[in-house]
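Each ligand, and each atom within it, is numbered from 1 in the order the structure gives.
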Amino acid sequence: MSNDAGALDDLLHEERRFPPPEGFAEGAVMSDPGVWAEAAEDREAYWASWAAELDWFQPWSRVLEWTPPHAQWFTGGTLNVSYNCLDRHVEAGRGDRPALIWEGEPGDTRTYSYAELLDEVSRFANALKGLGVERGDRVTIYLPMIPEATIAMLACTRIGAIHSVVFGGFSPDSLSDRNNDAEAKVLITADGGWRRGGVVALKANADIALEDSPTVESVVVVARGGALTEQTPVDMADGRDHWYHDLVAAADAECPPEKMDAEDTLFILYTSGTTGKPKGVVHTTGGYLTQVYATTKAVFDLRDDDVYWCTADVGWITGHSYIVYGPLANCAQVVMYEGAPDAPDRGRFWQLCEKYGVTIFYTAPTAIRAFMRWGESWPQSYDLSKLRVLGTVGEPINPEAWMWYHEVIGGERCPIVDTWWQTETGGAMITPLPALTTTKPGTATRPFPGIDVAILDNDGDPTHSGYLAITSPWPSMLRTIWGDDERYRRTYWSKWDGLYFPGDGAKLDADDYVWILGRVDDVLNVAGHRIGTAEVESALVDHPAVVESAVVGKSHEIKGESIASFVTLKEGIDATDDLMSELRDHVGHKIGAIAKPEVVVFTAELPKTRSGKIMRRLLRDIAEGRTVGDTTTLADPAVVKRLQELHEADEG
Ligand code: WTA
């Protein structure tokens, strides 16, 4: 867990209360305090009322069919996601409204109106059809934060293809693993994207991945990073690789949207779990769109004149649900930014807020902590007076960062919505509603109306401090793990009978507010990114010098958690600094730079029980520099002392 118990007890004594600002409820999307009770009375009717705000080709016949652990929502209904995000707004006369307001890191800009976005999505959908993509086929998207990422996702949904977006920071190995698990037919990538003044080459990575991705027949390449001016030269394989701009220019702009079943798979998104192999989380069409539509509108109090900016990457679930599907289904004006927050300087985000008149801003605690460290003068140099709602997601937010966000960014006038949810939940689950909830720094407060959660002990009995559970099915829940329903059952539904286990610890305070404590499994949360310790361990033992490794989380001021690794080398191999950096690079190469361990401790042995199980609890104590707990079950208690000395030497 990322917060230790003592720190949490302090949190629960948080006295500060922030009621919705005076007058905020006027004209708000949700201003009736009876909404929770109303939803609880008839949960299905409540969700059906949200679903009815979408456009369906064929209405559903049943709201929910629940055969634990499999839920089906809005069965019998048919709809199309791109139609709901684009056509219906154009048909309603809103075609000229800005849909996507994009800025590249170098400062170049592009804005697509809803009509223009529909045109581009339709053309690219036809181009995909031209490459042989059919309903149900899988398409991998490996792109920087450019409009084509949104366009490619929507184009897939238009023709019923299943997308699998892979974060651009992942390595070739991670990309080919995902291509192969999903048996992707097409890969969409770019020559590169801008990050901190340079171009991160993506096609070159994709080429390495493609050597080991036998199912991929065609590759589409967006020219973003200067390929056309020879700045980022790329190899285009004859017959296999196509330029995006060539395909789109040649494509027809009319592409009728496929009528998809509510339970057809919309996308797969891989996320880290407790084994070395990432899980392909499967989301379907009707329930997912309903919940992301509803939560975008209600949680951010999205109104017609809002300018909405979520700073996530489309490679993560937050980008899927709260850059693309939720906002566009709501006809929002969506800002999207390609690059780093400190390029060209540390004021970039605030400069963008001022320039585009951003009113709703959604980011991660790790970013807020970095802004705090950079100092108030950056945001204070810009006009942030249009901001009216602030959001956070990805990890527990420490009250200090919450207060800074409230005071320095929000000018003490903007409600903060701390939204708890996961890749698997698809949409926000525990969150304030800005016109209704009195917030406290550090808690995600209460479940969204129509969502049921509980805090349970191991036996499934209610408690004030234990494991978070979700006790009823919800529309945007994952339906399974791609190709591995057994893992789906085991991972999420085996702890208690018929209840969902998200893997987080939580506490309940006297107001029934939920305080999330962080993961209780072997999943780390590094700068808001989920990384499985087992994934990093297998990357380490993949190196020829390594016999064994154990990886644990260590608290980190900005990132929340960082990665500490303990490594045993093969006989006769010297533990040098060079090897240390080689191992870190090796992990970066196998998984991606986000998974590089911050600390590598070489050790002749790891602390193990007599049955040979590595005692991670002790390693966590060592990594944190804490007094080490009970060592009586260790096969060799002296190991701990030796490790502590090694770790201290390493830190020093
Ligand atoms: C953590 C991101 C506390 C949690 C949407 C969860 C949070 C994991 C919060 C999911 C929050 C996310 N407060 N913890 N507001 N939001 N988490 O799948 O541990 O990348 O299980 O989804 O992030 O991470 P994921």
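Of all the heavy atoms in Pro441 and Met403, the pair that sits closest is CG-SD, 3.9 Å.
Partners of Arg195 by side-chain contact (heavy atoms from CB on, under 4.5 Å), not counting sequence neighbours, listed by chain and number: Val200, Ala340, Pro341. Under the rule for a side-chain hydrogen bond (donor to acceptor under 3.5 Å, both in side chains), the partners of Glu424 that lie at least two apart in sequence or sit in another chain are Tyr492, Arg530. Under the side-chain contact (heavy atoms from CB on, under 4.5 Å) criterion, Ser494 pairs with no residue, sequence neighbours left out.
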Could you please spell out the steps behind the ring pair (Phe, Tyr, Trp, His ring centres under 6.0 Å) verdict for His320 and Trp316?
-> CA-CA 7 Å; His320 285 57; Trp316 311 112; 9.7 Å; no
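In the model, Asn179 has no side-chain atom that pairs as donor or acceptor with a side-chain atom of Arg138 under 3.5 Å.
Protein neighbours of ligand 1 below 4.0 Å, counting non-hydrogen atoms: Ile317, Thr318, Val393, Gly394, Glu395, Pro396, Asp418, Thr419, Trp420, Trp421, Gln422, Thr423, Asp504, Ile516, Arg519, Asn525, Arg530.
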